[in-house]
Number of protein chains: 2
Amino acid sequence: MEARIEKVKQQLQAQGYKLTPQREATVRVLLENEEDHLSAEDVFMLVKDKAPEIGLATVYRTLELLTEMHVVEKMNFGDGVARYDLRTESNKHHHHHLICVKCGSMTEIMEDWLLPLEERLETEYRFTVLDHRLDFQGICAKCQPDNPPEQP
Amino acid sequence: MEARIEKVKQQLQAQGYKLTPQREATVRVLLENEEDHLSAEDVFMLVKDKAPEIGLATVYRTLELLTEMHVVEKMNFGDGVARYDLRTESNKHHHHHLICVKCGSMTEIMEDWLLPLEERLETEYRFTVLDHRLDFQGICAKCQPDNPPEQP
DNA sequence: CTCTAAATGATAGACATTCTCATCCAAAAG
DNA sequence: CTTTTGGATGAGAATGTCTATCATTTAGAG
């Protein structure tokens, strides 16, 4: 935990930014909720517990900054809210998402299935891939018809 | 053109909806701009030429309805605006997008590269894919370093 | 300590989208 | 033909997310 904070601090300082208490609190919240895809509002409320004086604008600014630094990944699932995830070593690229249209659950696939496609884009389209997003919408295992879910 | 309008009409009626003049005008605009990815606002302004009395809310409602009917595909490129495309026979699924981070251009790949992956999801994850989205962000052919783009 | 620039918090603003509600209209019922 | 009914509409208010503004605070340089 502290090591990762330290790493972020160094990344920021390398670009001339400071790890202010507000920024540190924000990063800590992200670290403590690594499994979730928090919205800016989510982050704001969680940070408020640690540092009640923080302002919403600062959270937005910090998340934007961390996105530029590639410390977090800014995602958009089409629900009108940007969501933020820490990037880890094993997670340089977006992972893929399985979004269930019945129960709304989201599963992540951590493998990168797109490398072959990216090579094809490079050769056939001369398009250099920097990032990608792959989301599937459908019906998850729990909600399959042969496996009735929790339905009132 | 008329045939496609007729088809939409039947789809709507099958679900108990009517093809009102406003809805028809909206569909016509989408048909006439099939190549573009129009935002709701874009559609609104184009429809206004045909039917100046239409309201923005109706356009939103219509696009939402057409999305539910799977007549159009609602997309989101992360720029804060939803965009809408007609679905055609050759286009049952989302196509893939190459979004250039330098010039902002967008290229579409009409082939479906994901069928093998979807089969894998079905068997390995018991996830039934209804739809998918695959966007790549990177540098397009025109903007490759060895091929300087239109830069002021 | 003083100065400067970055960082912050509060709030207003911009923007896309949705909600509300009075009205309209087409088709069904009488 | 008239009335009734319920979906559809238009206008504008309301919502929600995010950004801009600006006065104030803070941290570090000198």
Worked check of side chain to side chain contact (heavy atoms under 4.5 Å, CB included) between B:Asp42 and B:Val81: CA-CA 11 Å; B:Asp42 294 337; B:Val81 197; over 6 Å; no
Which class fits the ring pair A:His97 and A:His37: parallel under 30°, tilted 30 to 60°, perpendicular over 60°? perpendicular
Hydrogens and angles aside, do B:His132 and B:Glu118 bring a side-chain donor and acceptor to less than 3.5 Å of each other? yes
Expressed in angstrom and rounded to an integer, what is the separation of B:Gln15 atom CD from D:dG7 atom P? 15 Å
Quick one about A:Gln144 and B:Thr128 (side-chain donor to acceptor, distance below 3.5 Å, no hydrogens or angles considered), yes or no? yes
Need two values: the first and the last nucleotide of DNA chain C, 5' to 3', having an atom under 4.0 Å from any heavy-atom of chain B. C:dA16 to C:dT20
From B:Leu30 atom CG to B:Leu46 atom CG, the distance as rounded to the nearest 0.5 Å: 9.0 Å
Nearest-angstrom distance from the residue atom CG of A:Leu65 to P of D:dC18: 17 Å
Can you tell whether the side chains of B:Arg28 and B:Glu2 come within less than 4.0 Å, N to carboxylate O? yes
Go along nucleotides 19-25 of chain D 5' to 3' and tag each nucleotide: B for a protein heavy atom under 4.0 Å from its base, S when only backbone or sugar atoms are that close, - otherwise. BBB----
May I ask you to say whether A:Arg120 pairs ionically with B:Glu111, meaning some side-chain N is under 4.0 Å from a carboxylate O? yes
What is the distance, to the nearest angstrom, from the CG atom on B:Leu19 to the P atom on D:dA8? 11 Å
Which residue pairs satisfy the salt bridge (charged side-chain N to carboxylate O under 4.0 Å, His left out) criterion with at least one member in residues 43-57 of chain B, sequence neighbours excluded? B:Glu32-B:Lys50
Could you check how far CG of A:Leu63 sits from P of D:dC18, rounded to whole Å? 10 Å
For A:Ile54 and D:dT26, give me the distance from atom CD1 to atom P, rounded to whole Å. 14 Å
Between B:Val81 and B:Lys18, just flag the one whose closest nucleotide in DNA chain C comes earlier from the 5' side. B:Val81
Ion pair check, A:Arg133 and A:Asp135, cut-off under 4.0 Å: yes
Rounded distance (Å) that lies between atom P of D:dC18 and atom CG of A:Asn76: 8 Å
Measure the distance from CG on A:Leu38 to C1' on D:dT17 and round it to the nearest whole Å. 16 Å
